[in-house]
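All heavy atoms count here, side chains included; hydrogens, waters and symmetry mates do not. Protein chains get the first letters and strands the later ones, always in sequence-line order, with residue 1 at the start of each.
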There are 2 protein chains.
Amino acid sequence: MERSGRCYHQFCGLARALDRVGERWTLLMVRELLLGPRRYKDFMAALPGLTSNLLAKRLKQLEADGILERVALEDGSGEAYALSELGAALEPVVMELGRWGSQFLTAPGPDDHVDPGPAMVSMKRRYKGGAALRVQLEVDGRPFVLGLEEDYLRVEGRRTDVADLRLRTSFAGLRKWWFMGARARDLIAAGELELEGERRDLRSFVRAFERLA
Amino acid sequence: MERSGRCYHQFCGLARALDRVGERWTLLMVRELLLGPRRYKDFMAALPGLTSNLLAKRLKQLEADGILERVALEDGSGEAYALSELGAALEPVVMELGRWGSQFLTAPGPDDHVDPGPAMVSMKRRYKGGAALRVQLEVDGRPFVLGLEEDYLRVEGRRTDVADLRLRTSFAGLRKWWFMGARARDLIAAGELELEGERRDLRSFVRAFERLA
DNA sequence: CGGCATCCGTCATGATACTG
DNA sequence: CAGTATCATGACGGATGCCG
């Protein structure tokens, strides 16, 4: 394959990988796509600082490299981008980098853009399995579908009508629970977490994230 | 911490990681350091295209970030750079990227720089354990010490006097065995692999790399 | 010669505006 | 909304110089 940009020209798997996904913004775009098909504006919203021209260029290159593909949205509202099989195989890469970088996640810096997407990815990474539950989680109005399966957490950044449990919170609330270990019941009592569904399902949900990878 | 260069400014582990090791050449430098302490000239030799000024800059930044540290060489021949604990924790990142990128490693391209270092890293990654052997491997004159342990392969890019087995080959020979599945005995018969030590140890060595991760 | 620093040209990226 | 076009800037590649 003829690579477009500059390459490392080394007979090395790492170099070959970086030739394809080593440029600025690329892996963050892949991270976004781990939450399901994403549209142009979704990238623009999730990746502040990424400019339109560069996004278009990256999308084109990633499509040419077979890492993502254009797909029609289920609801018929135009096109979007989704990971191909090759691109989906980047999940362990994103996860390991995220795991390593998480040690620098103390508090959001003053200039930091906060977004629930990365937190969802970290939940996906740390989920140890053992539950079976479908949860609709809404963070600051952004919907996510969490599919807790036997040994895998499926996360999709979309809205659904079918869910055992519906949770609504803010990023601050999510952060208190996920990053800082606050108890869900305390957040509910403080009005920072709204619950719709059975307490039994909430307990299953909370328990599934008590012992983490 | 005040990061020097430009950052993504996202509250996200992946972004935090890429802020530190996402720039050009950085992860390739980490890969080199997985083979033990490395000196300035070692980087220059292993990373063609990386210029002296940029190498100095990267080394300084990585040291400031606590990813590597200056160490005195055992043989007293000056200073070198080694991974700190924080930097060593990048091994899974390098491995997952290498694993993903390995699918693009068919044959070395015409412009490709070939180097046994990355192949050693890939051996480290794919080693499944179960052996106990100390091997001195020399590829095109470059020495490596392979420490096959119960569940870990230690690889160091240096020479040693203590080894159960000594192997000498060329990169072409290494590639035939490691990447293309040629049998060691055939390489020996063809004069592409020189052996010093007991055949029993060679069998252990070969067998340890027959079932791979 | 190893270990850098400096200068300069080029290209990748960032900022902004514009278009279908 | 989904890009394209244009321009400015800074990162990077290449050459060279300095110093022990």
>> So, applying salt bridge (Lys or Arg N to Asp or Glu O under 4.0 Å) with A:Glu138, which one of A:Arg166, A:Arg158, A:Arg159 is it?
In response: A:Arg159

>> Without decimals, in angstroms, what is the distance between B:Asp42 CG and C:dC4 P?
In response: 13 Å

> Quick one: CG on B:Leu28 to CG on B:Leu50, what's the gap to the nearest 0.5 Å?
Replying inline: 9.0 Å

> Rounded to whole angstroms, how far apart are CZ on B:Arg6 and C1' on D:dA11?
Replying inline: 8 Å

>> Using a distance-only criterion (donor-acceptor N/O pair, under 3.5 Å, no hydrogens), is the base of C:dT13 paired with the side chain of A:Asn53?
In response: no

> Below 3.5 Å, does any donor atom in the side chain of B:Ser52 face an acceptor in the base of C:dC4, or the other way round?
Replying inline: yes

>> Which nucleotide wins on minimum distance to the side chain of A:Lys41, given the candidates D:dC12, D:dA2, C:dA5?
In response: D:dA2

>> Please classify the nucleic acid contact of B:Phe43 as base, sugar-phosphate, or nothing, using heavy-atom distances under 4.0 Å.
In response: nothing

> Which one, C:dG14, D:dC12, D:dG13, comes nearest to the side chain of B:Glu23?
Replying inline: D:dC12

> Quick one: B:His9 NE2 to C:dT13 P, roughly how many Å, whole number?
Replying inline: 17 Å

>> Expressed as a whole number of angstroms, how long is the span from A:Leu47:CG to C:dT13:C1'?
In response: 15 Å

> Between atom CE in B:Met44 and atom P in D:dG13, what is the gap in whole Å?
Replying inline: 11 Å

> Where do A:Val162 and A:Thr160 come nearest, in terms of heavy atoms and distance?
Replying inline: N-OG1, 3.2 Å

>> What's the closest nucleotide to the side chain of B:Leu54 if the choices are C:dA5, D:dC12, C:dG14?
In response: D:dC12

> Does B:Tyr8 put a side-chain nitrogen or oxygen below 4.0 Å from OP1 or OP2 of C:dT13?
Replying inline: no

>> On the nucleotide C:dA12, are OP1 or OP2 found under 4.0 Å from the side-chain N or O atoms that B:Arg24 carries?
In response: no

> Rounding to a whole Å, what distance do you find between A:Arg58:CZ and D:dT4:P?
Replying inline: 15 Å

>> Taking 4.0 Å as the cut-off, does a side-chain nitrogen or oxygen of A:Trp25 come that near to OP1 or OP2 on C:dA12?
In response: no

> Should A:Asp112 and B:Arg16 count as an ion pair when the cut-off is N to O under 4.0 Å?
Replying inline: yes

>> Nearest to the A:Lys57 side chain among C:dT13, C:dC4, D:dT4, which nucleotide is it?
In response: C:dT13

>> Strictly below 4.0 Å: does B:Tyr81 bring a side-chain N or O up to OP1 or OP2 of C:dC4?
In response: yes

>> Please report the interatomic distance NZ(A:Lys57) to CD(A:Glu23), rounded to the nearest 0.5 Å.
In response: 6.5 Å

